[in-house]
Amino acid sequence: NAGVTQTPKFRVLKTGQSMTLLCAQDMNHEYMYWYRQDPGMGLRLIHYSVGEGTTAKGEVPDGYNVSRLKKQNFLLGLESAAPSQTSVYFCASSSPGTGAYEQYFGPGTRLTVT
Amino acid sequence: SQQGEEDPQALSIQEGENATMNCSYKTSINNLQWYRQNSGRGLVHLILIRSNEREKHSGRLRVTLDTSKKSSSLLITASRAADTASYFCAYGVSGGYQKVTFGIGTKLQVIP
């Protein structure tokens with residue numbers, strides 16, 4: 001099992017450019033999440049999904065969109081990147097089946113917006 | 001913000017010593033978890049304690065939870081250089097989904 005994978009690992013964007021971050025999990029988890037991590041701020045939830053075809057806003061959703069067309073994939077889009085979106089982005093997944101609440105994280109995507 | 005807070009934000013100890021990290025939160029919780037993050041990596045789940053539990057052990061880890069004080073502590077005994085990492089608490093509230101709120105983390109350095 002690969003667990004949770006993220007593509008790409010690194011990316012540099014110019015202000016105004018767009019991009020999509022891809023998250024894939026092979027654990028058949030229902031729930032998936034996108035977080036951003038900034039120094040001194042911990043992890044903040046951007047968007048999450050409780051199942052295929054459903055998405056919801058988290059704590060810091062502005063400037064991002066998401067889609068969950070397939071259960072195993074969760075895409076995070078930046079339509080017009082801004083320097084404030086420079087961050088490390090983590091995807092995570094979890095399963096309600098065991099009730100354990102444990103989240104499994106991907107390795108992260110380091111994004112720089114110049 | 002409902003974000004949890006860890007204390008201290010940074011901790012440096014010698015190998016073999018114990019490390020204690022604290023977490024405070026502001027709301028009623030269903031469970032509290034601790035995660036470890038090695039530099040440049042994703043987070044790894046360490047241990048979960050439910051709101052009706054007071055203490056839990058896993059190997060060299062001991063977690064306590066005091067819901068009256070809205071606080072938790074993580075104790076790592078007999079620390080090793082490999083324990084050098086950032087440690088985050090995360091708590092879940094009752095709801096229809098497993099959304100958790102992460103604290104800002106404690107950066108632990110274990111000196112060989």
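Below, chain A is the first sequence line, B the second, and so on; all start at residue 1.
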Step through the shown structure and confirm whether more than 12 heavy atoms of other residues, nucleotides or ligands are within 6.0 Å of CD on B:Glu53.
yes
Shared ILVMFWY cluster between A:Val60 and A:Leu75, side chains joined below 4.5 angstrom?
no
Output yes when a side-chain donor or acceptor of A:Tyr33 lies under 3.5 Å from a complementary backbone atom of B:Val100, and no otherwise.
no
I'd like to check the salt bridge (charged side-chain N to carboxylate O under 4.0 Å, His left out) partners of B:Arg60; sequence neighbours left out, ordered by chain and number.
B:Asp83
Heavy-atom cut-off 4.5 Å, strictly under: side chain, backbone, both or neither for A:Glu30 against chain B?
neither
Which pairs pass side-chain hydrogen bond (donor to acceptor under 3.5 Å, both in side chains) with one or both residues in residues 17-28 of chain A, sequence neighbours excluded?
A:Asn28-A:Lys71
Does B:Lys107 NZ have over 12 foreign heavy atoms under 6.0 Å away?
no
When clusters are formed by joining ILVMFWY residues with side-chain heavy atoms under 4.5 Å apart, either directly or through shared neighbours, do B:Ile47 and B:Tyr25 land in the same one?
yes
A:Ser87 meets the side chain to side chain donor-acceptor pair (under 3.5 Å) criterion, sequence neighbours left out, with A:Asp38
Value for CG (B:Leu46) from CD (A:Glu102), rounded to nearest 0.5 Å, stands at 9.5 Å
Rounded to the nearest 0.5 Å, what separates atom CZ in B:Phe102 from atom CE in A:Met41?
15.0 Å
Taking a hydrophobic cluster as the set of Ile, Leu, Val, Met, Phe, Trp and Tyr residues connected by side-chain heavy atoms closer than 4.5 Å, whether directly or through intermediates, do A:Val88 and A:Leu21 fall within one such cluster?
no
When the 4.5 angstrom heavy-atom criterion is applied to B:Gln37 and chain A, the contacting part is side chain
Listed by residue number, which members of residues 104-114 of chain A have a heavy atom under 4.5 Å from any heavy atom of chain B?
A:Phe105, A:Gly106, A:Pro107
Atom CG of A:Leu43 and atom OG1 of B:Thr101: how far apart are they, to the nearest 0.5 Å?
11.0 Å
For A:Glu52, look at atom CD and say whether over 12 heavy atoms of other residues, nucleotides or ligands are found less than 6.0 Å away.
yes
Taking it one step at a time, do B:Gln33 and A:Gln103 satisfy side chain to side chain contact (heavy atoms under 4.5 Å, CB included)?
CA-CA 10 Å; B:Gln33 306 169 55; A:Gln103 294 193 10; 5.5 Å; no
